[in-house]
Amino acid sequence: MKIATFNVNGIKARYLTVADWLREDAPDVAVLQEIKSVDEAFPRDLAEDAGYEIHTHGQKGFNGVAILSKTAVEDVTRGLPGDDEDEQARYIEGTVIGDRGAVRICGLYLPNGNPAPGPKYDYKLAWMARLEVRARQLLAEEVPFLMTGDFNVIPDDRDATRPKAWEDDALGLPQTRAAWRRLVNLGLTDAFRARTPAAGHYSFWDYQGNAWDRNDGIRIDHFLLSPAVADAMRDCTIQTEMRGREKPSDHVPVWLDLDL
DNA sequence: ATGTCTAGAGCATCTAGA
């Protein structure tokens with residue numbers, strides 16, 4: 001089972017990019033972030049024509065997540081538990097059944113948090129605490145699961161071309177990294193890092209300042225795997241070439257291949 | 001550090017968010 005996560009930065013602006021990608025690279029499951037669309041306006045034909053069923057959790061203007069799957073997705077839930085006041089569309093869960101077992105897929109778009117400090121950073125840290133609670137629940141229930149998406153977290157200095165530039169940024173602050181480690185230390189596996197210890201592999205390059213041409217990147221799109229899913233991992237790779245295509249997103253897809 | 005991009009309101013060109 002091949003699962004890809006992709007922050008598309010606007011599903012309407014990325015229509016052709018995503019349609020071609022689904023057809024050519026054909027993930028079994030595509031977990032999307034920043035669809036920037038309400039559910040009714042999601043261009044369903046782009047994925048349905050390629051054989052996917054579509055589950056969205058959108059809102060007007062910004063944010064928005066989706067799960068596209070070639071096989072049925074069961075028990076879809078929308079929104080991260082823990083705050084009834086939170087109206088931002090950043091979280092969706094669904095269960096996908098493979099040949100050898102099921103996996104609960106948690107698709108997320110973690111808050112950016114800038115400027116930090118401030119209310120937006122407080123929201124980010126609170127959101128990360130709620131995500132930790134959800135991970136604890138799934139672990140306690142012994143549900144094989146993975147959390148994937150745009151975490152807006154640079155885990156350590158290997159994950160940025162210029163680590164110093166992010167020290168005071170919401171994506172790289174010590175508190176952000178500590179919250180990430182609390183999550184991982186529950187017993188989850190950072191899939192890409194488990195396969196590739198080397199520095200210099202990124203998933204995001206800013207549109208500004210020729211960041212792509214200078215390879216000034218950061219790794220912020222991740223897969224966190226529960227123990228059973230980590231045991232089933234065959235590979236985890238970053239599809240870097242997508243950033244060099246016509247009209248790219250500022251993020252590229254990250255792929256997880258599971259023996260499921 | 002930034003020479004950018006997307007969507008929304010609404011009709012020219014702002015604003016917000018990232």
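These numbers come from a predicted model, not from an experiment. In what follows, every chain begins at residue 1, and chains take the letters A, B, ... in the order their sequences are listed.
- A salt bridge links A/R130 to A/D86: one of the charged nitrogens lies within less than 4.0 Å of a carboxylate oxygen.
- To the nearest angstrom, P of B/dC5 lies 15 Å from NE2 of A/H251.
- The side chain of A/R90 places an N or O atom within less than 4.0 Å of a non-bridging phosphate oxygen (OP1 or OP2) of B/dA18.
- Of all nucleotides listed (B/dA7, B/dA1, B/dA18), B/dA1 comes nearest to the side chain of A/R214.
- A distance of about 25 Å separates the P atoms of B/dG17 and B/dA1, rounded to the whole Å.
- Rounded to whole Å, atom C1' of B/dA1 lies 20 Å from atom CH2 of A/W212.
- Toward the 5' end of DNA chain B, the nearer of the two residues A/Q208 and A/D250, judged by each one's closest nucleotide, is A/Q208.
- Here A/R14 lies in heavy-atom contact (under 4.0 Å) with sugar-phosphate atoms only.
- Distance A/K124 NZ to B/dG17 P: 16 Å, rounded to the nearest Å.
- Side-chain heavy atoms closer than 4.5 Å link hydrophobic residues (I, L, V, M, F, W, Y) into clusters, and following such links, possibly through other members, connects A/L110 to A/L186.
- A salt bridge is absent between A/R214 and A/D206; no separation between the charged side-chain nitrogens and carboxylate oxygens falls under 4.0 Å.
- Between the CD atom of A/E246 and the P atom of B/dT4 there is a distance of 17 Å, rounded to whole Å.
- In terms of phosphate contacts, A/K36 brings no side-chain nitrogen or oxygen within less than 4.0 Å of OP1 or OP2 of B/dG17.
- Atom C1' of B/dG3 sits at a distance of 22 Å from the matching atom of B/dA7, rounded to the whole Å.
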Can you give me the N/O atom pairs linking the protein to nucleotides 9-16 of chain B at distances under 3.5 Å, or say none if there are none?
unit_1, atom_1, unit_2, atom_2, d
B/dA9, OP1, A/K60, NZ, 2.7

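- Rounded to whole angstrom, the span from the NZ atom of A/K247 across to the P atom of B/dT4 amounts to 15 Å.
- Using a 4.0 Å cut-off between a side-chain N of Lys or Arg and a carboxylate O of Asp or Glu, A/R162 and A/D216 qualify as a salt bridge.
- Within a 6.0 Å sphere centred on CD of A/E24, other residues, nucleotides and ligands contribute more than 12 heavy atoms.
- For the P atoms, the distance linking B/dA16 with B/dG10 amounts to 15 Å, nearest Å.
- Following rounding to the nearest Å, A/N114 (CG) and B/dA18 (C1') show an atom-to-atom distance of 9 Å.
- With A/Y109 as the aromatic partner, A/R90 meets the cation-pi criteria of under 6.0 angstrom to the ring centre and within 45 degrees of the ring axis.
- The CG atom of A/D257 sits 9.0 Å away from the CZ atom of A/R195 when rounded to the nearest 0.5 Å.
- Counting any heavy atom pair closer than 4.0 Å across all strands shown, A/Y109 reaches sugar-phosphate atoms only and no base atom.
- For the pair A/Q59 CD and B/dT6 C1', the interatomic distance rounds to 14 Å; values are reported in whole Å.
- We find the CG-CE distance between A/L260 and A/M233 to be 12.0 Å, quoted to the nearest 0.5 Å.
- B/dT15 and B/dC11 have their P atoms separated by 15 Å, with the value rounded to a whole Å.
- Rounded to an integer number of Å, the gap from CD1 of A/I11 to P of B/dA7 is 9 Å.
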